[in-house]
Q: 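Here it is, the structure, as structure tokens.
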Amino acid sequence: MTSTGRFTLPSEENFAEKTKELAELWGADAIRNSDGTHLDESVLALGKKIYSAYFPTRAHNEWITLHMDETPQVYLLTGRVLAEADIVDVPLMDGFFEEQLKPNRDADPHKYWEVVDRTTNEVVDASLWTLDEDTDTVHVSGAAPMHEYTVSFLAYIIWDPVEMYNHLTNGWGDKEHEIPFDIYHPATRKFVFDTFEQWLKDNPQVDVVRFTTFFYQFTLLFDQKQREKVVDWFGCACTVSPAALDDFEKEYGYRLRPEDFVDGGAYNSAWRVPRKAQRDWIDFLSGFVRANVKKLADMSHEAGKEAMMFLGDQWIGTEPYKDGFEDLGLDAVVGSIGDGTTTRMIADIPGVKYTEGRFLPYFFPDTFYEGNDPSIEAWDNWRKARRAILRSPISRMGYGGYLSLAAKFPKFVDAVEHIADEFRDIHDRTGGVAAEGELNVAILNSWGKMRSWMAFTVAHALPNKQTYSYYGILESLSGMRVNVRFISFDDVLEHGVADDIDVIINGGPVDTAFTGGDVWKNPKLTETLRAWVRGGGAFVGVGEPSSLARFQAGRFFQLADVLGVDEERYQTLSVDKYFPTVTPEHFITADVHVDPAAREAWEKAGYRIPLSGCGGGQGIKPLGGIDFGEPVANTFPVNEDVTLLRADGGQVQLAVNEYGKGRGVYISGLPYSAANARLLERILFWASHNEDKYTAYSSTNPECEVAVFPDAGQYCVINNTDRPQSTDVALPDGSVEHFDLDQSAIAWRNL
């Protein structure tokens, strides 16, 4: 039977009857307009709560075409050009999409641009280069032959990147390109607020203003073939202007260089260890953005409407986990649900009355086409999100895109009906309270709380092959029976480790924001963490934790003594590394199947004779059973007291180490899977000396998880697969309950 509420339905023009039908079927209590569409009067008359998407800085070409010097701007870095004589020409727009970007020739290039000799990394004196505006080419004189040169230049963004993406994806043809505008300019800022004030008067039927989003787009640049060129969901590249740069200098006492934005071509990726200039710009930008967001929220409230922020598109500068977000007066945040991690990214946001998830698939023709079955993605998306919702509930759910597409797929329509009912049932049973967590786990990185659930991400829910081994940490934790927080190295240096933290996780590749880079040169950091672990704490390292790019004091991992593992960086190859015997059976690996044939071969073959350098210790055949993802080469135990749980191919994949009263654990990588999530869960309980808490409400099948709600007097078991599963759940009194679960099923029991 269909339940009602907590569901937002997208609709569009000329689709009233089907909208009414699906609203009833899916139990929708709110309706929103799709991008670029309006709701029919008959839809407005259904008595549902009405959301309206609002774009503060686009869709008003009548204004911005008269003020094209007030579009947002971005610093772009040209390709590297080799000088073969003392003169070299650098074309500006090679590799960029000219329908999206246009060089800013209005502001003095010699003040705001920069030519760099990339071979020496020296800035070329402004007197030695000129701009040919007819060809958008910079002529550099006095060049050093066989040196490479680049130009960092300001460019106007003349096509809104999200509208452009939607335009190209949906084949909108001759539809006018929407030009974005930058409210940093007083005239445009006045236009934005005046326009919104009038819109509020003209739309009395709207209950919720769904700001999509506010002022500055995350970094999304395209090449001349209309392909994505630079994508960084956290990127602040598209936020600059000469006026803002000048004001920053007045406020902070120093001038930012173009290099502070292009960053040698990295564009300040969230993976880069943040530098002072980058942090200062984020603070400067956030102060400006938030002050103006608050004005929009206040105006919405004065008009009797709620203010909702979409966590996406132009979200840059809002920083929902940065201190002070709760002061903006926003009523809600909605965001796209891609998996458990992105669910938590939305659900954990403080300072709003409610959160809402926009589930996948998006109702676009790239998914809803003849021959495809969108219900497969719908169920997959729901299973990923559900395990996170049990741990941190979102208040509402919905979908986005064009309802007319989705309505053509009956199997999908049925899937959404079931998902929506189950979502509401979870809320009804639990009262919207999170499941009980057994441990307190902290993720330690450079960003800390400000980027909670945002680590290891390239784009929204889209890790790549270099990152999936680390992103799996977050995805595993998102639905695990632990409480998760994010702390920074600065937090530890200033305040130490909080008393209630059971386990700290530090993971990622060397010299990134997630392992910390040069912060490990500060002896106070290693002193603090060592003392905490020796006193009974637990430290888990993944990949290249606590690593320094430069070999320091004979260590690459600065906490190698805690982890029991280090990595050979070709500096100590003359020093033999001896591997102790691998221990295949341990509390941590109790749920990992060991192939009998591999076990027999391993036991018969023993270990190869230890080799000079990093070799030795590996079994003839791997024991198998664990996916460690991208390999981390040349890891080795620092002594023979370390307990190796896996050490295939001449390096350590999994090891544990007693350290005073505490414990360290090293794992080379952790892509997400049910088996790996179970492995991490066991690691956390073992490392924190909480093995005795593990059994109660544990599932014998890693594909099934258990969530306990003491206040509601219930617990549930979920099947995270599209296949039937069976599992046994151990209860606190020692009894066991058996469950046979259909695909994607959830079963409830009283405590």
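Atom set for the values below is all heavy atoms of this structure, side chains included, hydrogens, waters and symmetry mates excluded.
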Q: Return all side-chain donor-acceptor pairs below 3.5 angstrom for residues 729-736, not counting sequence neighbours, or 'none' if the list is empty.
A:
from : atom 1 : to   : atom 2 : distance (Å)
D733 : OD1    : S735 : N      : 2.9
D733 : OD1    : S735 : OG     : 2.6

Q: Please enumerate all residues that pass side-chain contact (heavy atoms from CB on, under 4.5 Å) together with D263, with sequence neighbours excluded.
A: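 Per chain and number, D263 pairs via side-chain contact (heavy atoms from CB on, under 4.5 Å) with A266, N268, R272, R275.
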Q: Who pairs with R534 by side-chain contact (heavy atoms from CB on, under 4.5 Å), at least two apart in sequence or on another chain?
A: Y659
Q: Among residues at least two apart in sequence or on other chains, which ones pass salt bridge (charged side-chain N to carboxylate O under 4.0 Å, His left out) with D500?
A: R485
Q: Using the test side-chain contact (heavy atoms from CB on, under 4.5 Å), find all partners of D591 that sit at least two apart in sequence or belong to another chain.
A: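 Only R678, R682, Y694 meet the side-chain contact (heavy atoms from CB on, under 4.5 Å) criterion with D591.
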Q: For residues 711-720, tabulate all N or O donor-acceptor pairs below 3.5 Å that involve a side-chain atom, not counting sequence neighbours.
A:
from : atom 1 : to   : atom 2 : distance (Å)
Q714 : OE1    : R429 : NH1    : 2.9
Y715 : OH     : E737 : OE1    : 3.1
N719 : OD1    : T721 : N      : 3.0
N719 : OD1    : T721 : OG1    : 2.8
N719 : ND2    : R723 : O      : 2.8
N719 : ND2    : D742 : O      : 2.9
N720 : ND2    : E705 : OE1    : 2.9

Q: Please collect all salt bridge (charged side-chain N to carboxylate O under 4.0 Å, His left out) contacts where either partner lies in residues 652-665, sequence neighbours excluded, each pair once.
A: E658-R663, R663-E691
Q: List for me each residue that meets side-chain hydrogen bond (donor to acceptor under 3.5 Å, both in side chains) alongside S668, sequence neighbours excluded, and say none if there are none.
A: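 Partners of S668 by the side-chain hydrogen bond (donor to acceptor under 3.5 Å, both in side chains) criterion come out as none, since no residue qualifies.
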Q: Can you list every salt bridge (charged side-chain N to carboxylate O under 4.0 Å, His left out) pair that touches residues 506-520, not counting sequence neighbours?
A: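 For residues 506-520, and leaving out neighbouring residues, the salt bridge (charged side-chain N to carboxylate O under 4.0 Å, His left out) pairs sorted by first residue read D518-K521.
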Q: Taking salt bridge (charged side-chain N to carboxylate O under 4.0 Å, His left out) as the test, write out the residues that go with D502, two or more places apart.
A: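 If we apply the salt bridge (charged side-chain N to carboxylate O under 4.0 Å, His left out) test to D502, skipping adjacent residues, there are no hits.
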Q: Can you name the salt bridge (charged side-chain N to carboxylate O under 4.0 Å, His left out) partners of D740, sequence neighbours left out?
A: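 D740: no salt bridge (charged side-chain N to carboxylate O under 4.0 Å, His left out) contacts found.
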Q: Please name all residues satisfying side-chain contact (heavy atoms from CB on, under 4.5 Å) with T467, sequence neighbours left out, ordered by chain then number.
A: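 side-chain contact (heavy atoms from CB on, under 4.5 Å) check on T467 returns W271, V458, P463, N464.
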